[in-house]
Amino acid sequence: MKARHLGIILLLFIAAPALQAADLYTLLPAASGGISLNLYDGEALVLAQLSGNNGGAALFKFAVGSSPEPLSSFEYGQRHATRISDPDSPVMIIRTADKGYALVVDLKEYNAPRGGIKRENCAWLIKLSADGKREWAEVLGETGLGYKPFGLVQTQDGGYLVTGSTTAGKVWKSLVIKTDARGALSWKKSVPSGSYASFDRAMQLANGGYLLYGYDNVQARVNYWLVRTGAQGEPLWQKTWPGLGDRMRTPLLPGTGGSFFGLVKSENAVPRLLAFNSAGALTLDNAIAGMKPSDMLNDTMTLPDGSIVYCGWTQNSTQDILLTKIGQGNRLLWRKAIHEQGDDLGLRVLKTIDPGYLLVTSTGYSYDYTTQRYSYKTTLIRTDESGNRMWSESYSIGIGDSIEDAVIVPDNRCVILMTTIRNAQQEALLLVTEPGGRIGTIRER
């Protein structure tokens, strides 16, 4: 692999007998860190950080319900960089209307070929076919302005909307870029804000235009920020709610009937539920039923009946895992605080094929002042439909295990994407549990 190439590696996997035990697969040497894990038509797609000083994107594809075995790999893409600063970072991959994929990368530096102008901090938009072949790629950026992408959606006209932030100096402003179906720039907007603002995600509305979600930092107070725009990105209205740092980065989530919702958490306040109809009109802005000021929400899922399951943590005598279910109209159905060992954090909530939920959590969290190291384990907790714990199993793979994403596949196994440090190097890993979610004995492949 050449030092100045920005590559995307596509690994295709063939079918093999179904697993009956937990298996661990390293994504080295291709990938040094996990980004996201998605299911599409019976296949799982893993987006990861490409290994090496340049960084970039690594893409892995495997058939669910089968043992992943490499079939082929290839690299494409040219970076044209003369200086390496921070490594380029993949941001998001989405499924497109033609069953292909679109990928956006945070490109730290770009020198156009044949003597083109040097640009720093660009958004690299890449269109892939269903079999992973690159159809086109466009670098979005301009001299004197830094672009930092955070989100990507395909629009109804087949184009793309990239959300993020832009800077001319040290102050970051919100940014939204609209391209046509080939990635060429249609328009860009930097919506006026207070200071240090960003758009993390966008949703296209049924009646045209967009709802942009992000944050606005005004006088050291971080606000949850929603902006409704027209079809050309012109602001129609905007609204802010007091927020709490990274807690604002839970994206807008789809509901039922074209509705969607968001979450707000500010210091010493009960988490709030914001609900919108398909036209972007606010239909609910209230404290989530049954929540307390000490509650923090980290993951959510919407069920077919419109109810929402939340996972996070709450402060009791210790920090416990929080699992709660809210019905339509912000009605509390049940609330559970689950204690495992020491301070515990709920990271992901997944709906299992058979009735119940699987929680991916971090447990026994502590800090040793003598060694100056944090200590914790990843724990899988299985509950019934009412959130009552049935069993739990813990594991540790390396130093600083970080859970990046997790999904339940059709045979009721859980696939977990993680980043860890082993043998003095950082790597991306896939942990595939036994059916039902148990870990048991982990076999490394």
Are Asp295 and Arg335 close enough for a salt bridge, meaning some N to O gap below 4.0 Å?
yes
Flag the pair Arg389 and Glu340 as a salt bridge only when some basic side-chain nitrogen lies within less than 4.0 angstrom of an acidic carboxylate oxygen.
yes
Which class fits the ring pair Tyr224 and Trp241: parallel under 30°, tilted 30 to 60°, perpendicular over 60°?
perpendicular
Please determine whether salt bridge (Lys or Arg N to Asp or Glu O under 4.0 Å) holds for the pair Arg228 and Glu234, giving the CA-CA distance in whole Å, both sets of side-chain angles, and the decisive distance to 0.1 Å.
CA-CA 8 Å; Arg228 169 73 160 89; Glu234 65 278 13; over 6 Å; no
Do you see a donor-acceptor pair shorter than 3.5 Å between the side chains of Glu404 and Ser402?
yes
Kindly say whether the aromatic ring centers of Tyr101 and Tyr40 come within a distance under 6.0 Å.
yes
Would Ser198 and Asp200 count as having a side-chain donor-acceptor pair, cut-off 3.5 Å?
yes
Any chance the side chains of Lys148 and Asn121 put a donor and an acceptor closer than 3.5 Å?
no
In terms of heavy-atom contacts, does NZ of Lys351 have more than 12 from other residues, nucleotides or ligands at under 6.0 Å?
yes
Yes or no on salt bridge (Lys or Arg N to Asp or Glu O under 4.0 Å) for Arg413 and Asp411, after CA distance, side-chain angles and deciding distance?
CA-CA 6 Å; Arg413 290 177 299 148; Asp411 67 356; 2.6 Å; yes
Does NZ or CZ of Lys325 come closer than 6.0 Å to the centre of the six-membered ring of Tyr310, within 45° of the ring's axis?
no
Hey, does Tyr376 have a side-chain heavy atom less than 4.5 Å from the side chain of Leu345?
no
Are more than 12 heavy atoms, taken from residues, nucleotides or ligands other than Lys377, located less than 6.0 Å from that residue's NZ atom?
no
